[in-house]
Amino acid sequence: MKVGVLALQGAVAEHIKMIELAGAEAVAVKRVEQLDALEGIIVPGGESTTISKLINKYDFFNALIQFSNQKKPIFGTCAGLIILAKEINGTTENHLALMDIKVERNSFGRQKESFEVDLEVKGISDHFRAVFIRAPHIIEGKKNVEVLSVHEDKIVAARQGHLLATAFHPELTDDPSMHHYFIKMVKEYRG
Ligand code: GLN
């Protein structure tokens with residue numbers, strides 16, 4: 001099974017390593033033509049405005065929407081979560097807007113811009129070491145969005161069918177359980 005990591009900007013190599021640890025073949029995706037061979041893709045953390053611009057520049061915009069329409073799973077982490085969200089508080093910038101969530105950027109205050117915490121993530125782990133780097137959070141989700149984890153009353157992980165999103169960076173520890181979960185999702189949605 002081939003799972004891609006959108007390799008336009010951000011934490012790509014770490015996700016590649018985790019996908020392999022979780023038992024799938026990982027592909028760094030730089031061109032739209034690569035999408036056809038994939039059964040799932042990760043949109044990594046980085047800078048959401050930059051990644052969005054590059055998605056447009058390299059013609060990934062419609063291709064990724066089509067990827068999602070085929071019910072191929074997509075996992076957005078941190079900036080990737082922002083890009084997947086239908087609504088970004090305070091902006092109208094162009095982004096993929098696939099998941100029925102409203103998000104806020106840089107949610108955890110200046111002195112705590114980056115921190116680590118053990119989280120309970122529903123169906124995945126009782127104590128997942130989550131790394132937050134200038135992280136967003138999910139303000140709210142529609143009924144069809146399942147909340148998987150909450151930190152300081154803020155939603156930090158959620159799933160909607162074939163779409164998965166975390167505000168934290170699951171690729172920056174040595175625990176592949178989030179990636180295992182995503183690979184399981186990819187198997188569920190396989191043709
Ligand atoms: N703060 C970044 C943004 O708004 C996200 C940070 C990250 O991906 N680590 O895009």
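As a basis for the values below, the full set of heavy atoms in this structure was taken, side chains included, without hydrogen atoms, waters or symmetry mates. Worth saying up front: this structure is predicted, and the values here are computed from it rather than measured. As the structure lists them, so they are numbered: ligands from 1, and atoms in each ligand from 1.
Of all the atoms in ligand 1, the ones that sit under 4.0 Å from a non-hydrogen atom of G45 are 8 (O). Remark: ligand 1 atoms within the under-4.0 Å shell around heavy atoms of I82 are 3 (C), 4 (O), 10 (O). Close contacts of ligand 1 with S48, meaning ligand atoms under 4.0 Å from a residue heavy atom, involve 3 (C), 4 (O), 10 (O). Counting the atoms of ligand 1 from 1 in the order shown, those under 4.0 Å from a heavy atom of C78 are 5 (C), 6 (C), 7 (C), 8 (O), 9 (N). Each of the following atoms of ligand 1 lies closer than 4.0 Å to a heavy atom of G46: 2 (C), 5 (C), 6 (C), 7 (C), 8 (O), 10 (O). Those atoms of ligand 1 with a heavy atom of H169 less than 4.0 angstrom away are 7 (C), 8 (O), 9 (N). Within ligand 1, the atoms closer than 4.0 Å to a non-hydrogen atom of N106 are 1 (N), numbered from 1 in the order shown.
Checking D175 against S177 by side-chain atom types alone, a donor-acceptor pair falls below 3.5 Å. For the residue pair H95 and T49, no side-chain donor N or O sits within less than 3.5 Å of a side-chain acceptor on the partner.
The pair E39-R190 meets the salt-bridge criterion, with a side-chain N (NZ, NE, NH1 or NH2) lying under 4.0 Å from an Asp/Glu carboxylate O.
Taking atom 4 (O) of ligand 1 as the reference point, the nearest protein heavy-atom neighbour is R105 NE, 2.7 Å.
Annotation: the span from M185 atom CE to F75 atom CZ amounts to 8.5 Å, rounded to 0.5 Å. Separating the CD atom in Q160 from the CD1 atom in I74 is a distance of 11.5 Å, to the nearest 0.5 Å.
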